Structures are given as structure tokens and as C-alpha cells.
Amino acid sequence: MTRDFAAAAATLSEALPYMQRYSGAVVVVKFGGNAMGDEAEMAKFASDIVLMKQVGIHPVVVHGGGPMINDLLGKLGIESRFVRGKRVTTKETVEVVEMVLSGLVNKRIVQAINDAGGRAIGISGKDDDLMVCEVDDPELGFVGKPVEMNVQIIRDLYQAGLIPVIAPVATGMEDNETFNVNGDTAAGAIAGALQADRLLLLTDVSGVKDGAGEVITQMTPDQVRSMIADGTIAGGMIPKTETALKAIEDGVRAVVILDGRVPNATLLELFTEHGAGSLIRSTEPRVKPRGLRQGDSGL
């Protein structure tokens, strides 16, 4: 038992340089996948977010909720239709999407964070015209592409000590328009508008893999584009890496695609030398400061 306590103390001591490096940083976390439907996993995620806030980071949570939307649509007898793997969102469907994302899912996450000792508040992309969209693809109906971001409300919240939890539902250019926005897309747009230090995309896979199936821990945008072109990056990983590229282009310092099923995944990424998942950043580090993992200079 004494050794366990000593190991815990050593771990905290080793994390100090990372806590110092990220103090005051804005970290946008996209939360989704299977963990959202599991109360124990939700509680662990919430605890990690509260710890991040406690050590001086400004976490901003953006969430999805596809399985919950499917469940309610099924109960209401509304058919779910998909084109190229993306949900077709009719006027009838978008009302259900808003109910689930802005209501049920958003408030579950807010409650979990509050139960863990944090101070969370739930909003959607509609609040204060945070996210204004236009039609992304006419075939998909009311699926939006962000064209205008107004993120001052997020800054006001985290500067007041609150943790924003954001549902990816947005307003349109016309009155009374509502758009369903892909969770990753919304998180990338919000991170870019905030000029966030990190965008963490939690998924149900371990990261971006090479041709041999091994996770690539560090990548540049040029490497990502090359791997998309040659087919190494394929399927559902394409939109995630494209979101990462757009976020970096918009000013995010780095994006990490990591496995949200791993316990304390966000803490492993931010506070250990090993990190977690695949880190994508624009430039190679000049020097590795003491205590920071190679490839994450903080400069």
C-alpha cells in the first residue's frame, strides 16, 4: 500500500510540468461514442474534465448523440435515412435532433460534471448565435456547415469559472432555421474560432493507423493529406482527419485523435510524456522543453 501511495505521488510530481504548460490553455474536447451511453464511463469522463478545470485549463466540451437520436426516432416511428453514411435530416427529424442533443444528452453531461464537483452549463450552437450555418449538402436536408462563429459566450463562461457543454445544433441565415451539425465538425469550428491550444477528438478507435495497422503518434498535415490520397486513411477516419486539418488551418495549435474508451484518455494525453492517440500539428518542435513529450514543444 505504501508503494502504491508513493507511485501516485510520483505520478503527480511527473505531471507538474504539463500542468504548468497547459495552465490557462483552452482545450476543446469532442465527447461521443459508446461512453455516452454508459453511466460509469460518463462519470469518469466528467471527473477528468473537472480535474482539467481544477489545474487551470479551460475545457470546452462539444458532444454528439447519434445513438440516442436513433432511439427516439425509432420510438416515434420516424424512419432514419442515410446518404453516404450521413443522416438525412428533414424538418421533422431536426426537431427530434434538437430535443435529444440540446435536452437529454446535453443535460446528462452537465449533470455528470456537476456531480463530479465541477460547474457546468449547457448551451447549443443557437445560443447567442454561437454557430450560424448554411446547408452543407442539399441531399442531407437540414445538416449544417458552420459559416459564422460567435464564440464570446464561450469565453465569458469559462472565464467565469464555468465549463461550457455545447450541443451541435445551430441556427441558420434565415429566421427560424435549425440545423443538425456533425459533432466533430462543430468541435473543430468552435476550436478554430477560439484559437484553442488543443482539440481532442474522442473516438472508438485508438488513433490514426499506418499501413501495418500501427497507431501513428505524431503527424503533420502534409502526412495526413498524403495518407488520405493513398488510401491509408479511409472510411470514418477521413472526416475526422479532415476536421483536424481544418481546425489547424483555422489556428488550433494541435489536434489529437484518441480512444475515448481508454480510462482517463484526456489526462493521459495532456499530462504524460507518452500521450495518447495521434497528434497532428503544423510544425515540428524546435526544442523539447523539460518534461514535455517529444513532438509537443508548447512553442
Side-chain angles (χ1 to χ4, degrees), residues 18 21-22 25-33 57 60 62 64 84-86 131 136-137 145-149 151 168 181-260 265-266 268-270 272-289 292-299:
Y18 303 94
R21 180 256 179 271
Y22 286 109
V26 175
V27 176
V28 177
V29 183
K30 161 57 189 350
F31 181 51
I57 294 172
V60 176
V62 182
R84 296 183 298 277
K86 296 181 178 180
M131 189 160 47
D136 185 22
D137 181 341
K145 176 175 67 176
V147 292
E148 182 181 317
M149 303 296 297
V151 293
V181 185
N182 174 273
D184 288 342
T185 300
I190 289 167
L194 288 170
Q195 301 283 283
D197 191 276
R198 284 290 183 276
L199 168 59
L200 307 183
L201 298 176
L202 301 184
T203 73
D204 290 336
V205 297
S206 51
V208 181
K209 297 180 180 180
D210 61 20
E214 299 294 325
V215 174
I216 305 171
T217 58
Q218 298 172 48
M219 310 175 68
T220 65
D222 284 345
Q223 287 174 311
V224 172
R225 294 186 188 97
S226 176
M227 291 175 66
I228 292 174
D230 68 19
T232 304
I233 293 176
M237 190 55 71
I238 292 178
K240 290 188 182 299
T241 49
E242 288 179 340
T243 292
L245 294 178
K246 180 66 166 61
I248 291 170
E249 181 182 315
D250 288 344
V252 176
R253 190 184 295 267
V255 181
V256 186
I257 299 173
L258 64 161
D259 191 345
T266 56
L268 284 170
E269 171 54 36
L270 296 176
T272 70
E273 183 173 358
H274 179 269
S278 302
L279 182 144
I280 304 168
R281 62 179 299 146
S282 291
T283 57
E284 294 298 330
R286 289 170 286 178
V287 180
K288 177 189 174 186
L292 295 184
R293 82 174 182 181
Q294 188 174 359
D296 187 14
S297 69
L299 299 177

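Quantities reported herein were computed from a predicted structural model and do not represent experimental measurements.
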Open item on the list: Looking at Glu273, is its backbone amide N or carbonyl O close enough to the side chain of Tyr18 to form a donor-acceptor pair, meaning the two atoms are under 3.5 Å apart?
Closed with: yes

Task: Check: Thr241 and Met219 side chains under 4.5 Å, non-hydrogen atoms - done: no

Open item on the list: Can you pull out every salt bridge (Lys or Arg N to Asp or Glu O under 4.0 Å) where at least one residue sits in residues 214-237? Sequence neighbours excluded, please.
Closed with: Asp222-Arg225

Task: pair Ile216-Gln223: side-chain heavy atoms closer than 4.5 Å - done: no

Task: Any residue meeting salt bridge (Lys or Arg N to Asp or Glu O under 4.0 Å) with Asp137, in chain and number order, not counting sequence neighbours - done: Arg84

Task: Straight-line distance of Ile238 CD1 to Thr243 OG1, nearest 0.5 Å - done: 12.0 Å

- [ ] For residues Ile233 and Val224, report the shortest heavy-atom separation together with the two atoms involved.
- [x] CD1-O, 3.9 Å

Task: Leu279 side chain reached by Val256 side chain, heavy atoms, under 4.5 Å - done: yes

Open item on the list: Going by the rule side chain to side chain contact (heavy atoms under 4.5 Å, CB included), which residues pair with Asp259 if we only count those two or more places apart in sequence or in a different chain?
Closed with: Ser206, Arg261, Val262

Task: Within residues 183-192 or reaching into it, pairs that qualify as side-chain hydrogen bond (donor to acceptor under 3.5 Å, both in side chains) - sequence neighbours excluded - done: Lys30-Asp184, Asn182-Thr185, Asp184-Lys240

- [ ] Compare all side-chain heavy atoms of Asp197 with those of Arg21 and state whether any distance is below 4.5 angstrom.
- [x] yes

Task: Over all atoms of both residues, closest heavy-atom pair of Ala247 and Leu199 - done: CB-CD2, 4.0 Å

Task: Listed partners of Lys209 passing salt bridge (Lys or Arg N to Asp or Glu O under 4.0 Å), at least two apart - done: none

Task: Residues forming a side-chain hydrogen bond (donor to acceptor under 3.5 Å, both in side chains) with Glu249, sequence neighbours excluded - done: none

